[in-house]
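In what follows, every chain begins at residue 1, and chains take the letters A, B, ... in the order their sequences are listed. Just so it is clear, the structure is predicted and the values come from calculations on it, not from any experiment.
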Protein chains: 2
Amino acid sequence: METLTQAEENYLKAIFKITEKEGKSASTNAIAAVMNTSAASVTDMLKRLAGKHLLHYEKHRGVALSERGNELATNLVRKHRLWEVFLVKMLDFSWDQVHDIAEQLEHVQSEELVERLDAYLERPQFDPHGDPIPNAEGKMATRKQVLLSALAPGDAALLVGVQESTATFLQYLDRMRLSLGTGLRVKERFDYDGSMSILLNGNEEITISHKVCENLFVQKSK
Amino acid sequence: METLTQAEENYLKAIFKITEKEGKSASTNAIAAVMNTSAASVTDMLKRLAGKHLLHYEKHRGVALSERGNELATNLVRKHRLWEVFLVKMLDFSWDQVHDIAEQLEHVQSEELVERLDAYLERPQFDPHGDPIPNAEGKMATRKQVLLSALAPGDAALLVGVQESTATFLQYLDRMRLSLGTGLRVKERFDYDGSMSILLNGNEEITISHKVCENLFVQKSK
DNA sequence: ATAAATATTTAGACTTGCCTAAAAATAAAA
DNA sequence: TTTTATTTTTAGGCAAGTCTAAATATTTAT
């Protein structure tokens, strides 16, 4: 079992994140943006990771993770999300506080630890932000979720996830009394700016911007 | 709050460990032995840490931690021992498996995390090896403990700690059915080699070597 | 008290991961 | 299809942390 530095692991995760969204390969610049570093540093690291057969690299062509790179990246995501569950469920952190800590905990090297943590938490399927947690084999649950912005007036739904996990966005949601599991119904949609007024749990009514609607995943109630 | 690299933190802990035992200052060679590195590397790091005012350094004179260095080292010990408790109490690891994992976990930077972990574990005073856990102010409980080797035939005692925490020693203790909290009574002491035969919990009788006796801390029953 | 042994420091070099500036390749626009 | 803009790579350098070999200090032993 190859052992990677934390920097190497972070690059793998960044590439994983970029490619899982777009499907296609990750560009040097895109990686540099996510890693908050220079393109030159990225090129260095890509060569290094290619040398370890964790990704496929050809000059000027962008990169994609290899089978092995994908496994390792998935395991990192698994660890990150399990630790987030631990922090929220066991240590009572709020969902906007856990990212940075999990970012460190995910680098702890011990498969036994991950397995026991998973069992202790009763094999959760989703993290505090509604993101699916890969199991030990790398498989994760899927949900038929859509963006809140895709709902029409009258539609009822359950808030099941957030697209963005920045502390400021999550704190905004707290203030609006929006949390995972909250039931809602679209009352009105304003074509002018795409904002919506929605009813929470059948009573309270709030209005949220289009930007917010595009960062909330919901599951339509039949 | 200064942020240290893991290497810097590990040196602090090593110096802390050496000086707390002997009381006196730590020599370059002693540090190199604990850190499993060369004396030259140690000298480099000592200069670095002295520059950060974490220890007092004069060429060829050995080093001692400064006030601040001591605080940081104590906090590392606190984190290490709290994580060990977590691993054993919550995740059901055995006491011989937790050192290496705690060695990694102790570097996670978040005072909030330590505080919450401490509370979650109900502010334990001792870790799974019987070592005292410093509280947030750096104070730790003391116990009137002695080495088992200091007991005389007829003395009754409770096993409360181990001096050495290597996996092989701990596994040996498991095999002998010796664990923290075990009650024992010295039956006989053999002057020939310092070994002892002892009665466990009033029934089973075992014989252990002098070396083992010198690595077990006990509390005499009045 | 001097020689021999041991401990420590200096010097120089290597790797990892980062940087900036400049060169080269690719993509976009005229 | 050339020119222009953008992206990517190369080149050279820097800091942290490590190493070995050589120089210097200190301790121990004769």
Side-chain angles (χ1 to χ4, degrees), chain A residues 2-16 18-19 21-22 24-65 69 72-73 76 103-104 106-107 109, chain B residues 2-16 18-19 21-22 24-65 69 72-73 76 103-104 106-107 109:
Chain A
E2 59 273 66
T3 300
L4 304 184
T5 64
Q6 296 199 184
E8 288 169 335
E9 290 192 336
N10 287 334
Y11 272 96
L12 281 190
K13 244 189 26 165
I15 297 164
F16 180 84
I18 293 166
T19 53
K21 276 206 175 130
E22 311 298 317
K24 55 184 186 230
S25 70
S27 74
T28 302
N29 262 3
I31 299 167
V34 171
M35 296 294 296
N36 198 26
T37 187
S38 71
S41 300
V42 173
T43 300
D44 269 5
M45 184 56 91
L46 294 184
K47 288 177 180 169
R48 161 183 288 289
L49 293 173
K52 296 190 175 187
H53 306 105
L54 299 176
L55 48 79
H56 305 296
Y57 171 67
E58 275 178 284
K59 281 195 201 182
H60 299 102
R61 281 294 99 94
V63 294
L65 294 180
L72 292 175
L76 283 167
E103 203 74 14
Q104 299 178 65
E106 77 191 9
H107 295 297
Q109 308 272 326
Chain B
E2 60 272 66
T3 301
L4 304 185
T5 65
Q6 295 199 183
E8 289 169 336
E9 290 192 337
N10 286 334
Y11 272 96
L12 281 190
K13 245 190 25 165
I15 296 165
F16 180 85
I18 293 166
T19 53
K21 275 203 176 136
E22 311 297 317
K24 56 186 183 227
S25 70
S27 74
T28 303
N29 262 4
I31 299 168
V34 171
M35 295 294 297
N36 198 27
T37 187
S38 72
S41 300
V42 174
T43 299
D44 269 5
M45 184 57 91
L46 294 184
K47 288 177 179 170
R48 159 183 290 288
L49 292 173
K52 296 190 174 187
H53 307 103
L54 299 176
L55 48 79
H56 305 296
Y57 171 67
E58 275 178 285
K59 280 196 202 180
H60 298 103
R61 280 292 103 92
V63 294
L65 295 180
L72 293 175
L76 283 166
E103 203 74 14
Q104 299 179 65
E106 77 191 8
H107 295 296
Q109 308 271 327

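Residues L49(A) and E8(A) form a side-chain contact, since some pair of their non-hydrogen atoms from C-beta on lies under 4.5 Å apart. In this structure the side chain of E106(A) reaches within 4.5 angstrom of the side chain of N10(A), judged on heavy atoms. In this structure, F16(A) and L55(A) have side chains that are not in contact, with every pair of non-hydrogen atoms separated by 4.5 Å or more. Between E9(A) and Q109(A) there is a side-chain heavy-atom pair separated by less than 4.5 Å. Residues T43(A) and Y57(A) form a side-chain contact, since some pair of their non-hydrogen atoms from C-beta on lies under 4.5 Å apart.
M35(A) and A14(A) get closest at one heavy-atom pair: SD-CB, 3.7 Å.
Along DNA chain C, the nucleotide nearest S27(B) and the nucleotide nearest M45(A) are compared for position; the residue whose nucleotide lies closer to the 5' end is S27(B).
Distances shorter than 4.0 Å separate none of the side-chain N or O atoms of Y11(A) from OP1 or OP2 on dT16(C).
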Any N/O pairs under 3.5 Å between the protein and nucleotides 9-13 of chain C? List them or say none.
residue, atom, partner, partner atom, Å
dT9(C), OP1, Y57(B), OH, 2.7
dT9(C), OP1, H60(B), N, 2.8
dT9(C), OP2, T28(B), OG1, 2.9
dT9(C), OP2, T43(B), OG1, 3.0
dT10(C), OP1, K59(B), NZ, 3.3
dT10(C), OP2, K47(B), NZ, 2.1

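Less than 4.0 Å separates DNA chain C from at least one heavy atom of each of the following residues of residues 29-37 of chain A: T37(A).
Rounded to the nearest 0.5 angstrom, R48(A) CZ and L4(A) CG are separated by 10.0 Å.
For the pairing with V42(B), the side-chain contact (heavy atoms from CB on, under 4.5 Å) check across I31(B), I15(B), V34(B) returns one residue only, I31(B).
Reading DNA chain D from its 5' end, the first and the last nucleotide to sit under 4.0 Å from a heavy atom of chain B are dA16(D) to dT26(D).
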